[in-house]
Amino acid sequence: EAMRRAGRLAAETLDFITPHVKPGVTTGELDRLCHGFTEDRGAISAPLNYRGFPKSICTSVNHVVCHGIPDDAKKLKNGDIMNLDITVRTPDGYHGDSSVMFVVGNTIQGERLCRITQECLYKSIALVKPGVRLSELARVIQQHAEAHGYSVVRDFCGHGLGRLFHDAPNVLHFGEYGSGPVIEEGMFFTIEPMLNIGKPGVKILNDGWTAVTRDKTLSAQFEHSVGVTKDGVDIFTKSPAGLDQPPCG
Ligand code: MF3
Ligand code: CO
Ligand code: CO
């Protein structure tokens, strides 16, 4: 129940910010709005000061893969795509972690990438139940991405969470199948595939956080926090407003 509450608050924060994401807004403004919303509900923005991260949310625009730092310099413009990643910690100490893509204005290339990335997330969630290997999630993500000509980022993965923001197990989105950890009832973890239009390689900018595609191609990511039930899965970060259903944006 505590994890459901944490997940719901992360999802509510994404619902809240959705109408504010439009051309002309800065990522710094989105950061302040999300921070205020979370704080007003008695919770904490988990990224703020996490290993030195300077802001409350991550905003990753276009060729930024993840961990983009909000700022007041650049405004969103028509044709941008942006991942907005929210992690909250509730007063009782549990984490909810979720991210979605926003398609700002029109971009057919960006929309397609976002749609396939979201499909990868939902196809993998559909497999979650006790007895299934985590690597089966990686298999379905990688197959769907590569079938559409996209690549899966190797350098970041999903993770267990609960009282800790990042905990075991690592939830990989690519790689070797048929071995590795088996899903058990009561596990909490995120699935958060990142897909690139070009090659999977990333590099970290000098700020120590911002991960970008080496070949400067667009990148997209969707993330949910889930809990494993007796015979299936509970999506903790499902949007109460229904905004996380395909198509995104
Ligand atoms: N929310 C990210 C994740 O999905 C982690 C962000 S860490 C930060 O795991 F420090 F960059 F905020
Ligand atoms: Co996460
Ligand atoms: Co996240």
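First listed ligand is number 1; within each ligand, the first listed atom is number 1. Quick note: residue numbers are just sequence positions, from 1.
A 4.5 Å side-chain heavy-atom check between H224 and D244 finds at least one atom pair inside the cut-off. Between T59 and D31, every side-chain heavy-atom pair lies at or beyond the 4.5 Å cut-off.
The distance from atom CZ of R8 to atom OG of S98, rounded to the nearest 0.5 Å, is 14.0 Å.
Using a cutoff of 4.0 Å between basic side-chain nitrogens and carboxylate oxygens, R115 and E111 are not scored as salt-bridged. Residues R133 and E136 are not paired through a salt bridge, judged by the lack of any N-O separation under 4.0 Å between the basic side chain and the carboxylate.
At a cut-off of 3.5 Å, with distance as the only test, no side-chain donor of S60 or N83 sits close to an acceptor on the other residue.
Protein residues lining ligand 1, listed by chain and number: P47, Y50, F53, C58, H67, D85, T87, D97, H159, F165, H166, E192, W209, E223 [non-hydrogen atoms, distance under 4.0 Å].
The side-chain tip of R41 points at the ring of F37 from less than 6.0 angstrom away and within 45° of straight on.
The side chain to side chain contact (heavy atoms under 4.5 Å, CB included) test with V153 is passed by exactly one of K199, M194, H173: M194.
Shown here are the protein N/O/S atoms lying under 2.8 Å from the Co ion (ligand 2), water excluded: D97 OD2, H159 NE2, E192 OE2, E223 OE2.
Checked against a 6.0 Å centroid threshold, the rings of H67 and F53 do not count as neighbours.
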